[in-house]
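In each ligand, atom 1 is the first atom listed, and ligand 1 is the first ligand listed.
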Amino acid sequence: MKIAVCSTQAYDRQFFDAANQDGQHQLDYFEVTLNEETRNIVTGYPVVCVFVQDTLNAAVLQALAEQGTKLIALRCAGFNNVDIQAAAHLGLHVVRVPAYSPHSVAEHSIALMMGLNRRIPRAYNRVRDGNFSLDGLLGFELRGKTVGIIGTGRIGLAVAEILKGFGCKLIAYDPQPDPTCIALGVEFVSLPQLYAASDIISLHAPLNKHTFHLINSAAVGQMKRGVMIINTSRGGVIDTAAVIAGLKSGRVGALGLDVYEQEGDLFFQDLSNRVIQDDIFERLLTFHNVLITGHQGFFTREALTSIAQTTLENISLFESSGVCQNEVTMELLR
Ligand code: NAI
């Protein structure tokens, strides 16, 4: 099929061209992000392939439907950037890659945890500068610490499996407790219990109306003093201003982010020669106990191979049968 691949980076081309070696599909790459201003660039494409920074609100979807698009192929798991209700109303199908490599994101969550705890970025900079003082680099052992996992789907479970190896006590909150997690020894508790007991809280729930700003000032107020919060899910799960207040008061002892609420204006671009206008993001960067990466949890060879293959399989299935098990249906919104 003729596919417009939006928000293309060099690595997207590399992995999608490899997955399309048989030339089954015509892949046209666009570096621009799809949104209300750019919606006309994909005119005449039956399939539009998008990523997390593309905004497919009702207005964009309406334009796409009028321009001849039939299928939106997300090359990611989350679908919070697509108005699914509007898509259904317009008869547009939406498919995604629900599980490409949960281990990639899980391992990145652990990297943030370890990097923060043992102060690796700080230590690296010091040693490069000939400063071998250990003052300010004090960490703690993960063994025996309580980790609260919010959202025990594919990624949350992978995080639990790794942390079990560290000897952590694992507790979790999920409206649908996972039997595999229970078998692993994870204890499911209420959110207030999780906040009160956790030394580290790791977020792995999708962004939806129930999880938007889940970590707000009321939640932070219930947490243990000095708690470490890790978020590799979606930025909107955290009310950033509330967590900044928590960092200032010392209630939050460390914060590791791979996602940020306003990341659409920042991530996946080189802005090193520009002045960043987002004061909240800039404030986050001033804390010595905050570690931020720019949405790279998924960024492994294994995950990119799987994402490209599954995306093209989704499109082929849709082309041949009009049905795909990876379709994002209204059911998933509940
Ligand atoms: P999943 O669908 O396998 O698991 C999500 C889990 O969250 C489910 O068990 C669900 O019951 C639970 N959940 C739903 N509502 C909840 C709530 N209100 N409170 C607590 N738990 C709730 O999804 P998966 O694959 O584990 O991914 C999780 C999230 O990670 C995705 O939605 C996506 O936003 C994010 N992600 C981030 C990536 C990155 O590069 N940083 C890459 C891939 C996904």
Do any N/O atoms on H210 end up under 3.5 angstrom from N/O atoms on ligand 1?
no
Check: of P175, C76, G153, min heavy-atom distance to atom 6 (C) of ligand 1 comes from G153
Ligand 1 versus Y100: contacting region, heavy-atom distance under 4.0 Å
side chain
Would you kindly say whether S133 and D135 are connected by a side-chain donor-acceptor distance under 3.5 Å?
no
Answer yes if the side chains of E261 and H213 hold a donor-acceptor pair under 3.5 Å, and no otherwise.
yes
At under 4.0 Å between heavy atoms, is it the side chain or the backbone of F299 that contacts ligand 1, or both, or neither?
neither
Any idea which part of T152 is under 4.0 Å from ligand 1, heavy-atom wise: side chain, backbone, both or neither?
backbone
Would you tell me which option among G78, P206, G151 has the nearest heavy-atom contact to atom 5 (C) of ligand 1?
P206
Indicate yes or no: does K2 engage D28 in a salt bridge with an N to O separation below 4.0 Å.
no
Do T232 and ligand 1 have an N or O pair less than 3.5 Å apart?
yes
Close N or O approach (G156, ligand 1; < 3.5 Å)
no
Quick one, F298 with Y100, criterion ring-ring contact (aromatic ring centres under 6.0 Å, His included). Give me CA distance, side-chain angles, the key distance, then yes/no.
CA-CA 9 Å; F298 72 99; Y100 39 89; 7.0 Å; no
According to a hydrophobic-cluster definition based on side-chain heavy atoms being under 4.5 Å apart (Ile, Leu, Val, Met, Phe, Trp, Tyr only), do V252 and Y260 belong together?
yes
For ligand 1, is L207 a contact, meaning one of its heavy atoms is under 4.0 Å away?
no
Does one side chain, of D178 or T152, offer a donor that lies under 3.5 Å from an acceptor on the other?
no
Can you check which of H204, K209, H108 brings a heavy atom nearest to atom 28 (C) of ligand 1?
H204
To the nearest 0.5 Å, what is the distance between CD (Q262) and CZ (F267)?
11.0 Å
Any N or O of R154 closer than 3.5 Å to N or O of ligand 1:
yes
What about T211: any of its N or O atoms under 3.5 Å from an N or O on ligand 1?
no
R122 side chain vs G136 backbone, donor-acceptor pair below 3.5 Å:
yes
I155 N/O to ligand 1 N/O under 3.5 Å
yes
Among the heavy atoms of S233, does any lie under 4.0 Å from an atom of ligand 1?
yes
